[in-house]
Amino acid sequence: MNWDSIREKVLEGKPVVLIDDRREFEADLVYPAEIASPEVVNFMLSMKGLLCFTMDMEVALSRGFFPLPSKEGETNFLIPVDYMENFTGITAEERALTAKKLAEALSVEHFRYPGHLHLLGGIGLNRRRGHTEGSLELMEILGFKRYALIVEILDETGNSHNREYTLRLAEENDLPVVNIDDVWKEFVRRKQLIRVYANARLPTRYGDFRIVSFDNELDFKEHVAIVKEPYREVPLVRIHSKCLTGDTLGSLKCDCWSQLTNALRMIAQEGGILLYMDQEGRGIGLKEKIKAYELQEDGLDTVEANEVLGYRADERTYEAAFQMLRALGVSRIRLITNNPRKAEALEELGMEVVGIVPAPGEVTEHNRLYLKVKAEKLGHRIPFEI
Ligand SMILES: Nc1nc2c(ncn2[C@@H]2O[C@H](COP(=O)(O)OP(=O)(O)OP(=O)(O)O)[C@@H](O)[C@H]2O)c(=O)[nH]1
Ligand SMILES: [Mg+2]
Ligand SMILES: [Mg+2]
Ligand SMILES: [Zn+2]
């Protein structure tokens, strides 16, 4: 993503189209409040959505703006305001002035309400991957203050989920287009939200390790690292997704236990790191994985079962693994895996995967089909005869 060229376009008065298509497609126009002009505000108003002003929630509260009732996970509205000296507050010129005055960090006394700019409080992209939080991180990435004007893009019929309409609008007006996922990845590259918390000896039947726990403000989960030092300048690394049935209960329905123990032996031998990630069920959790197992008893395969439950085939992402390795001072790795997506995801974030080491596992009559489906549908390179 070329953030500098996006900044250039913004400085020419072109708002950014910020797309959120993780659930249903929706796009907002986003523009730095500190340089809001009547022309840009007028263009944003022509999108027909609700013109809002975003800032970090704690900043809004510290300046005396108060929140309106909202439910967990929903957009956090605060009171709608106008700059005090505006006449009506509704014109593009007056709304641009209100935006600029809000971006000057003036407190609530300088504004009257109810007004025409709806205030939205961002609670952090690590807590909520919404347009409000995405707009604030985007402003910072582009070098502006953390204040943005945003408005939903509605098509001719007033529908806000029209991808074709949105992309045509961007094309016709030469607007930069950014996906919230691009902002999220840049956020993960720039802000370290996982820090080492504790580090203790862990003698095991596979070798002597240390176990490391983390303060994790990125996804707030309890992932741990099993470390064998000394390790080479480019350490051997295994990113192992938790599998209670396999790893703990010795289930024969998957190859996790054999992969985990083989990886621990390899790392005990050579030195390296095993990240044990709280990503049960390829990210859908234990409860739902058991439901997926139940569906597989009715003939669905491991991918179809996830999809019938409303999930993607694999819900896992690797930002936490990336930041755990960075917290351990590691930026280049040799990765033990049969799953090419893991290496791709880590490289996209900036980790250098110098090499792939096949992850040996065990085939049983109970996991043969599962392994076949992973090879055929999830692109796994299974290094052993299935
Ligand atoms: N949803 C779902 N998850 C499963 C199923 N079987 C195993 N898992 C989970 O899959 C994860 C392990 O993923 P795998 O595909 O086996 O291996 P991988 O980690 O992607 O790739 P490797 O690095 O080669 O092991 C663990 O979180 C398991 O709980 C299943 O049938 N459905
Ligand atoms: Mg939205
Ligand atoms: Mg595996
Ligand atoms: Zn498993």
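Both counts, for ligands and for their atoms, begin at 1 and track the order of listing.
Atoms CD and CZ, on Q323 and F214 in that order, are 11.0 Å from each other to the nearest 0.5 Å.
Below the 2.8 Å limit, the Zn ion (ligand 4) has as protein N, O or S neighbours C243 SG, C254 SG, C256 SG. Within the protein, the N, O or S atoms sitting under 2.8 Å from the Mg ion (ligand 3) are Q259 OE1.
Of the polar atoms of G281, at least one N or O is found under 3.5 Å from an N or O of ligand 1, judged by distance alone.
Closest to atom 13 (O) of ligand 1, if we only count protein heavy atoms, is R316 NH1, 3.4 Å. The protein heavy atom nearest to atom 9 (C) of ligand 1 is R282 N, 3.6 Å. Regarding atom 26 (C) of ligand 1, its nearest protein heavy-atom neighbour is K242 O, 3.5 Å. The protein heavy atom nearest to atom 32 (N) of ligand 1 is T302 OG1, 3.3 Å.
Contact analysis leaves E288 out of contact with ligand 1, as no non-hydrogen atom separation drops below 4.0 angstrom. Heavy-atom separations between D314 and ligand 1 are all 4.0 Å or longer. A heavy-atom separation below 4.0 Å is found between Y370 and ligand 1. Heavy atoms of K253 stay at 4.0 angstrom or farther from ligand 1.
Qualifying side-chain hydrogen bond (donor to acceptor under 3.5 Å, both in side chains) partners for Y31, counting only residues two or more places apart in sequence or in other chains: none.
Residue I226 is found in a hydrophobic cluster whose other members, listed by chain and number, are L202, Y206, F209, I211, V224, L236, W257, L260, L264, M266, I267, L274, Y276, I336, V357; membership requires side-chain heavy atoms under 4.5 Å apart, directly or through intermediates.
Ion pair K101/E104 flagged as a salt bridge, since at least one NZ, NE, NH1 or NH2 atom sits closer than 4.0 Å to an Asp/Glu carboxylate oxygen. A salt bridge is defined here as a Lys NZ or Arg NE, NH1 or NH2 lying under 4.0 Å from an Asp or Glu carboxylate O, and K9 with E12 fails to meet this definition. Salt bridge present: K377 and E304 bring a charged side-chain N and a carboxylate O closer than 4.0 Å. Taking a cutoff of 4.0 Å between a charged side-chain nitrogen and a carboxylate oxygen, E186 and R189 qualify as a salt bridge. By the 4.0 Å N-to-carboxylate-O rule, E315 lies close enough to R312 to be salt-bridged with it. The pair E34-K100 does not count as a salt bridge, with every side-chain nitrogen at least 4.0 angstrom from each carboxylate oxygen.
When the options R238, H380, H240 are ranked by their closest heavy atom to atom 22 (P) of ligand 1, first place goes to R238. Residue nearest to atom 14 (P) of ligand 1, selected from R341, K374, E280, R381: K374 (by heavy-atom distance).
Applying side chain to side chain donor-acceptor pair (under 3.5 Å) to R282 and the options N339, D314, T302 leaves one that passes, T302.
The ligand atoms of ligand 1 that sit less than 4.0 angstrom from a heavy atom of Q296 are 30 (C), 31 (O). Each of the atoms 16 (O) of ligand 1 lies under 4.0 Å from some heavy atom of D255. In summary, the atoms of ligand 1 found under 4.0 Å from a heavy atom of K342, numbered by their order in the structure, are 18 (P), 19 (O), 20 (O), 21 (O), 22 (P), 23 (O). Contact atoms of ligand 1 toward Q259: 22 (P), 24 (O), 25 (O) (distance under 4.0 Å to a heavy atom of the residue).
Connection of V373 to I290 is not established within any shared hydrophobic cluster, with ILVMFWY side chains joined at heavy-atom distances below 4.5 Å, either directly or through further cluster members. L18 is not connected to L154 by any chain of hydrophobic side-chain contacts under 4.5 Å among Ile, Leu, Val, Met, Phe, Trp and Tyr, and they are in different clusters.
For the pair H118 and F53, the minimum side-chain heavy-atom distance is 4.5 Å or more. The shortest distance between side-chain heavy atoms of V363 and D255 does not fall below 4.5 Å. You'll find the side chain of M84 stays beyond 4.5 Å of the side chain of E109, heavy atoms only.
Within 6.0 Å of CD on E347 lie more than 12 heavy atoms contributed by other residues, nucleotides or ligands.
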